[in-house]
**Student:** 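This is the structure I want to talk about, given as structure tokens.
Only heavy atoms go into these numbers, but all of them, side chains included; no hydrogens, no water, no symmetry mates. Source: prediction; values computed, not measured.
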Amino acid sequence: MTTATPSISFFNTLTRRKEKFTPIEKGKVQMYTCGPTVYDYAHIGNFRAFLFEDLLKRWLEYRGYTVTHVMNLTDVDDKTIRGSQKQQIPLQQYTEHYAKAFFEDSKALNIKPANHYPKATSHIPEMVALIKKLIKNGYAYKGQDGSIYYAISKFKNYGKLSHIKVAELKAGARVKTDEYTKEEAQDFALWKAWTPEDGDVFWETELGKGRPGWHIECTAMSMKYLGETFDIHCGGIDNMFPHHENEIAQSEAATGRKFVNYWLHNEHLLVEGRKMAKKLGNFYTLRDLLGKGYDPIAIRYLLLSSHYRAQFNFTFEALDAAGAAVERLRNFVRRLQDAPGKGSGGKVAELLRGVQLGFGEAADDDLNVSVALAVLFDFVREVNVLLDAGVVSRSEADEVGALMNRFDGVLGVVGKVEETETLPKEAEELIEKREAARKAKDWATADALRVRLSELGVVVEDTAQGVRWRLVKQD
RNA sequence: GCUGGGGUGGCCGAACGGUUCAGGCGACAGCCUGCAGAGCUGUUACAUAUGGGUUCAAUUCCCAUCCCCAGCUCCA
């Protein structure tokens with residue numbers, strides 16, 4: 001038992017400081033995470049964000065919170081419209097394909113599903129209502145092109161999240177294209193008036209014929225599912241400005257209340273030391289890696305094992321290492337099943353206390369997963385020493401196993417290692433034959449059988465408790 | 001150009017200014033094993049980009065230089 005109540009702290013982008021986390025409602029957490037734009041297969045950088053959010057949610061749950069998680073799917077924007085036109089299929093058919101792929105990929109990475117996955121196209125009325133409110137409150141105006149824009153000059157706290165001063169924004173290409181329709185260059189579209197390029201993608205609403213802007217969707221949908229003020233909002237660092245800044249402006253102008261208490265942003269991924277870019281040849285979707293034969297759980301472990309606020313350098317060498325690290329954890333859990341059972345005289349109990357404390361303190365500290373894993377691996381080694389000495393009892397091993405299971409509820413990499421897998425009949429017979437050969441000290445036959453088994457994908461290991469087998473993935 | 005985040009061993013990555021700079025992976029050696037696997041132990045001789053400075057003490061603070069990345073362009 002811990003003496004002090006554990007308290008989680010997060011680095012809040014809003015204040016640029018680590019803050020103790022206190023939810024609005026005791027024991028409950030409302031979180032919103034910016035989901036994918038379903039115009040293509042998601043790449044590993046996208047998944048770093050989604051895995052960070054998954055870890056965050058799982059840690060909150062480990063600490064006893066009930067988490068309500070909402071992740072949006074952006075299914076109408078320039079890219080999706082262009083993509084569907086290129087393939088000459090309806091927008092919905094186009095986006096559904098990639099939405100389905102996204103869910104498949106998420107499942108492969110063992111990402112826990114969110115409670116809601118609202119789609120932008122299913123929430124047009126909510127967005128229209130919100131925009132009307134913003135017009136009424138004096139924060140929005142109709143431009144000469146018929147689009148509705150948000151007047152950022154009216155929102156005095158604009159820039160509080162990104163710490164960007166509007167006056168210092170560099171005049172970019174955007175100014176040129178829009179200077180005759182917006183009152184100010186940085187004003188952003190809430191509602192985009194239909195243009196011929198949009199084809200058959202439009203909604204006839206009180207705001208006119210058109211489609212919603214990007215930022216308004218997150219505001220409308222987060223409010224619908226989580227309320228006007230909620231606890232946590234996450235996303236990649238690139239979303240901090242302008243997307244999240246604009247969300248704040250929209251929400252707080254509409255409700256007069258604080259939108260989000262804790263903003264958490266994850267840093268980007270580098271690949272082989274460079275930013276991931278198609279032209280550099282280092283751009284990978286999850287599917288690319290799975291196609292190369294990599295284990296999605298190794299990818300999960302790798303992307304999870306470093307701190308979310310630091311840029312992470314993805315390399316294939318590190319991916320192999322991640323696979324080996326996961327295997328080490330699995331072997332450990334497997335070993336526990338064979339604990340012979342004499343009792344360690346309290347040593348295991350002491351290790352259990354220590355690892356829970358150490359792991360918890362690290363994860364509580366802004367999800368310092370690297371330190372948490374270091375604590376865990378120290379624990380694994382020390383218990384392995386006791387297992388080698390044959391002093392771990394059955395019940396002690398069970399306690400260790402239960403804890404590993406709890407930790408894996410957070411990490412999601414070990415999975416079930418009980419032999420629910422079935423051994424092919426053929427392999428079963430080979431193992432029996434090999435045991436007979438070993439008894440007879442006919443090593444040549446035993447070794448030949450071991451080779452044949454491995455060809456069947458069955459690894460046999462001789463331990464003090466007898467022969468053990470496990471299935472390995474066949475390439 | 002402006003603003004911000006970084007550069008730690010063969011690789012990936014931790015580290016309230018202070019005992020020998022975590023942990024994982026890899027390599028090598030030893031123990032164990034019939035052999036292997038798993039596991040354990042040890043090693044991987046000066047790993048903190050470079051040059052200064054502050055300090056009794058710097059990976060940590062300050063300055064300069066080089067390099068990488070990001071935001072200012074609806075890309076996690």
**Student:** Specify the separation, in whole Å, of atom CD of A:Glu327 and atom P of B:G37.
**Tutor:**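 From A:Glu327 CD to B:G37 P: 14 Å.
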**Student:** Measuring only the C1' atom in each nucleotide, how far is B:G7 from B:A49? A whole number of Å is fine.
**Tutor:**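 It works out to 6 Å between them.
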**Student:** If we ignore angles and hydrogens, is there a donor and acceptor under 3.5 Å between the side chains of A:Asn246 and A:Trp214?
**Tutor:**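 The criterion, which ignores hydrogens and geometry beyond distance, is not satisfied for A:Trp214 and A:Asn246.
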**Student:** Pick the P atom in B:G23 and in B:A15, then give their distance to the nearest Å.
**Tutor:**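 The same atom, P, in both gives a distance of 14 Å.
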**Student:** Stems involving RNA chain B: give each as a range paired with a range, ordered by first number, where a stem means at least three consecutive Watson-Crick or G-U wobble pairs under 3.5 Å.
**Tutor:**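 Stems (3+ consecutive pairs) listed as B:1-7 with B:66-72, B:10-12 with B:23-25, B:26-31 with B:39-44, B:49-53 with B:61-65.
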**Student:** Find the distance A:Asn368:CG to B:A22:P and express it as a whole number of Å.
**Tutor:**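 So the CG-P distance, A:Asn368 to B:A22, works out to 16 Å.
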**Student:** Of A:Ala446 and A:Ser305, whose nearest nucleotide on RNA chain B comes first from the 5' end?
**Tutor:**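 Comparing both residues, the 5'-ward one is A:Ser305.
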**Student:** Report the C-alpha separation of A:Asn12 and A:Glu19 in whole Å, then their side-chain angles, then the decisive distance to 0.1 Å, and conclude whether the side-chain hydrogen bond (donor to acceptor under 3.5 Å, both in side chains) test is met.
**Tutor:** CA-CA 7 Å; A:Asn12 190 349; A:Glu19 295 175 3; 3.2 Å; yes
**Student:** C1' atom, B:G9 versus B:G24: distance in rounded Å?
**Tutor:**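 Those two atoms are separated by 13 Å.
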**Student:** Whether the side chain of A:Arg300 engages the backbone of A:Asn110 through a donor-acceptor N/O pair (distance < 3.5 Å, no angle test) should be reported.
**Tutor:**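 A pair under 3.5 Å: yes.
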**Student:** Distance criterion of 3.5 Å, no angle test: do you see the side chain of A:Asp388 paired donor-to-acceptor with the base of B:C32?
**Tutor:**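 No such pair is found, so the answer is no.
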**Student:** Could you please name the option among B:G39, B:G23, B:C12 that lies closest to any side-chain atom of A:Ala374?
**Tutor:**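 For A:Ala374, the side-chain atoms sit closest to B:G23.
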**Student:** Under 4.0 Å, counting only non-hydrogen atoms across every strand here, what does A:Asp238 touch: a base, just sugar-phosphate, or nothing?
**Tutor:**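 Base contact.
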**Student:** Taking the six-membered ring for Trp, does A:Phe377 stack with B:G23 (centroid gap under 5.5 Å, planes within less than 30°)?
**Tutor:**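 So A:Phe377 does not count as stacking on the base.
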**Student:** Has A:Glu252 got a side-chain atom pairing as donor or acceptor with A:Phe259's backbone, closer than 3.5 angstrom?
**Tutor:**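 The answer is yes, because a donor-acceptor pair under 3.5 Å joins these two groups.
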**Student:** Could you state the CG-P distance from A:Leu387 to B:G37, rounded to the nearest angstrom?
**Tutor:**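 Atom CG in A:Leu387 sits about 20 Å away from atom P in B:G37.
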**Student:** Under 4.0 Å between a side-chain N or O of A:Arg328 and OP1 or OP2 of B:G39?
**Tutor:**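 Answer yes for this pair, as a side-chain N or O of A:Arg328 is under 4.0 Å from OP1 or OP2.
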**Student:** Under 6.0 Å from the six-membered ring centre of A:Phe312 and within 45° of its axis: does the NZ or CZ of A:Arg48 meet both?
**Tutor:**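 Checked: cation-pi criterion not met.
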**Student:** Between B:C56 and B:A64, how many Å separate the two C1' atoms, rounded to a whole number?
**Tutor:**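 The same atom, C1', in both gives a distance of 26 Å.
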**Student:** Between B:G13, B:G71, B:C35, which nucleotide gets closest to the side-chain atoms of A:Asp447?
**Tutor:**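 Ranking B:G13, B:G71, B:C35 by closest atom to the A:Asp447 side chain puts B:C35 first.
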**Student:** Of A:Asp366, A:Asp364, A:Asp365, which meets salt bridge (Lys or Arg N to Asp or Glu O under 4.0 Å) against A:Lys18?
**Tutor:**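 Output: one option passes, namely A:Asp365.
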**Student:** Looking at B:G6, I'd like to know if its phosphate oxygens (OP1 or OP2) sit under 4.0 Å from a side-chain N or O belonging to A:Asn313.
**Tutor:**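 Checking B:G6 against A:Asn313, no side-chain N or O comes under 4.0 Å of OP1 or OP2.
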**Student:** Nearest to the side chain of A:Ala321, which nucleotide is it out of B:A14, B:A38, B:C25?
**Tutor:**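 Looking only at side-chain atoms, A:Ala321 lies closest to B:C25.
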**Student:** Rounding to an integer number of angstrom, what distance separates B:U48 and B:G39 when you compare their C1' atoms?
**Tutor:**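 32 Å, rounded to whole Å.
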**Student:** Rounded to whole angstroms, how far apart are CG on A:Asp442 and C1' on B:C35?
**Tutor:**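 It works out to 13 Å between those atoms.
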**Student:** B:A36 and B:A29: how far apart are their P atoms, nearest whole angstrom?
**Tutor:**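 Going atom to atom, P in each nucleotide, I get 12 Å.
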**Student:** Can you find an N or O donor on one side and an acceptor on the other, under 3.5 Å apart, linking the side chain of A:Arg450 with the base of B:A36?
**Tutor:**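 Such a pair exists between side chain and base.
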**Student:** Can you identify which nucleotide, out of B:C68, B:C72, B:A38, has its nearest atom closest to the A:Phe241 side chain?
**Tutor:**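 Nearest to the side chain of A:Phe241 among the choices is B:C72.
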**Student:** Compare the ring of A:His43 with the six-membered ring in the base of B:A76 and state whether they stack (centres under 5.5 Å, planes under 30°).
**Tutor:**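 Given the distance and angle limits, no, they do not stack.
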**Student:** Determine the contact category for A:Gly235: base if any of its heavy atoms lies under 4.0 Å from a base atom, sugar-phosphate if only primed atoms, P, OP1 or OP2 are that close, otherwise nothing.
**Tutor:**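 Contact class for A:Gly235: sugar-phosphate only.
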**Student:** I'd like the C1' distance from B:G30 over to B:A70, given in whole Å.
**Tutor:**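 Here B:A70 and B:G30 have their C1' atoms 48 Å from each other.
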**Student:** Below the 4.0 Å mark, does B:C67 have OP1 or OP2 next to a side-chain nitrogen or oxygen of A:Arg274?
**Tutor:**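 For B:C67, neither OP1 nor OP2 has a side-chain N or O of A:Arg274 closer than 4.0 Å.
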**Student:** Would A:Phe379 and A:Phe359 count as a close aromatic pair, with their ring centres under 6.0 Å?
**Tutor:**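 No: the rings miss the under 6.0 Å criterion.
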**Student:** From CG of A:Leu373 over to P of B:G24, roughly how many Å is that when rounded to an integer?
**Tutor:**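 Value for this atom pair: 10 Å.
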**Student:** When you measure from the side chain of A:Pro242, which nucleotide among B:G26, B:A14, B:C72 comes out closest?
**Tutor:**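 Of B:G26, B:A14, B:C72, B:C72 is nearest to the side chain of A:Pro242.
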**Student:** Roughly how far apart, to the nearest Å, are B:C68 and B:G53 at atom P?
**Tutor:**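 Comparing P positions in B:C68 and B:G53 gives a spacing of 28 Å.
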**Student:** Could one point to a donor on the side chain of A:Asp320 or the base of B:G26 with an acceptor on the other under 3.5 Å away?
**Tutor:**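 Answer is no: no donor-acceptor pair is held.
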**Student:** Taking for each residue the nucleotide of RNA chain B with the nearest heavy atom, is it A:Phe332 or A:Leu302 whose nucleotide lies nearer the 5' end?
**Tutor:**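 That would be A:Leu302.
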**Student:** Do A:His43 side-chain atoms and A:Asn46 backbone N/O form a donor-acceptor pair below 3.5 Å?
**Tutor:**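 Flag set: sc A:His43 to bb A:Asn46 pair under 3.5 Å.
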**Student:** For a quick test of reading the model: is some side-chain N or O of A:Asn384 closer than 4.0 Å to OP1 or OP2 of B:G39?
**Tutor:**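 No, A:Asn384 has no side-chain N/O under 4.0 Å of OP1/OP2 on B:G39.
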**Student:** Given atom CG of A:Leu319 and atom P of B:G13, what is their separation to the nearest angstrom?
**Tutor:**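 Value for this atom pair: 13 Å.
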**Student:** To the nearest 0.5 Å, tell me how far A:Tyr98 OH sits from A:Ser84 OG.
**Tutor:**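 OG of A:Ser84 is found 11.0 Å from OH of A:Tyr98.
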**Student:** May I have the step-by-step check of ring pair (Phe, Tyr, Trp, His ring centres under 6.0 Å) for A:Phe103 and A:Tyr117, ending in yes or no?
**Tutor:** CA-CA 10 Å; A:Phe103 290 123; A:Tyr117 289 101; 4.7 Å; yes
**Student:** Rounded to whole Å, please give me the gap between CZ in A:Arg309 and C1' in B:A14.
**Tutor:**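 Going from CZ in A:Arg309 over to C1' in B:A14 covers 14 Å.
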**Student:** Using a heavy-atom cut-off of 4.0 Å across all strands, would you classify A:His243 as base, sugar-phosphate, or nothing?
**Tutor:**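 Contact class for A:His243: none.
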**Student:** Is it true that A:His265 and A:His244 share a donor-acceptor pair across their side chains at a distance under 3.5 Å?
**Tutor:**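 Yes, a side-chain donor-acceptor pair sits under 3.5 Å.
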**Student:** So if I take every side-chain heavy atom of A:Asn46 and compare against B:C75, B:A14, B:G71, which nucleotide ends up nearest?
**Tutor:**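 That would be B:C75.
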**Student:** NA contact type, A:Phe312, heavy-atom cut-off 4.0 Å: base, sugar-phosphate, or nothing?
**Tutor:**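 Sugar-phosphate contact only - A:Phe312 comes under 4.0 Å of backbone atoms but never of a base.
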**Student:** May I ask you to evaluate whether A:Lys275 reaches the phosphate of B:A70, defined as a side-chain N or O under 4.0 Å from OP1 or OP2?
**Tutor:**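 Checking A:Lys275 against B:A70: at least one side-chain N or O falls below 4.0 Å of OP1 or OP2.
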**Student:** In whole angstroms, how far is the P atom of B:C75 from the CG atom of A:Leu269?
**Tutor:**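 To the nearest whole Å, that distance equals 18 Å.
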**Student:** Any N or O donor-acceptor pair linking the side chain of A:Arg381 to the base of B:C40 at under 3.5 Å?
**Tutor:**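 Counting by modelled atom types and ignoring angles, no donor-acceptor contact under 3.5 Å is found here.
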**Student:** Which nucleotide in the list B:C12, B:G34, B:A70 gets nearest to the side chain of A:Gln311?
**Tutor:**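 Minimum distance to the A:Gln311 side chain belongs to B:A70.
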**Student:** Between B:U41, B:A70, B:A36, which nucleotide has the shortest distance from any of its atoms to the side chain of A:Ile237?
**Tutor:**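 Within the option list, the nearest is B:A70.
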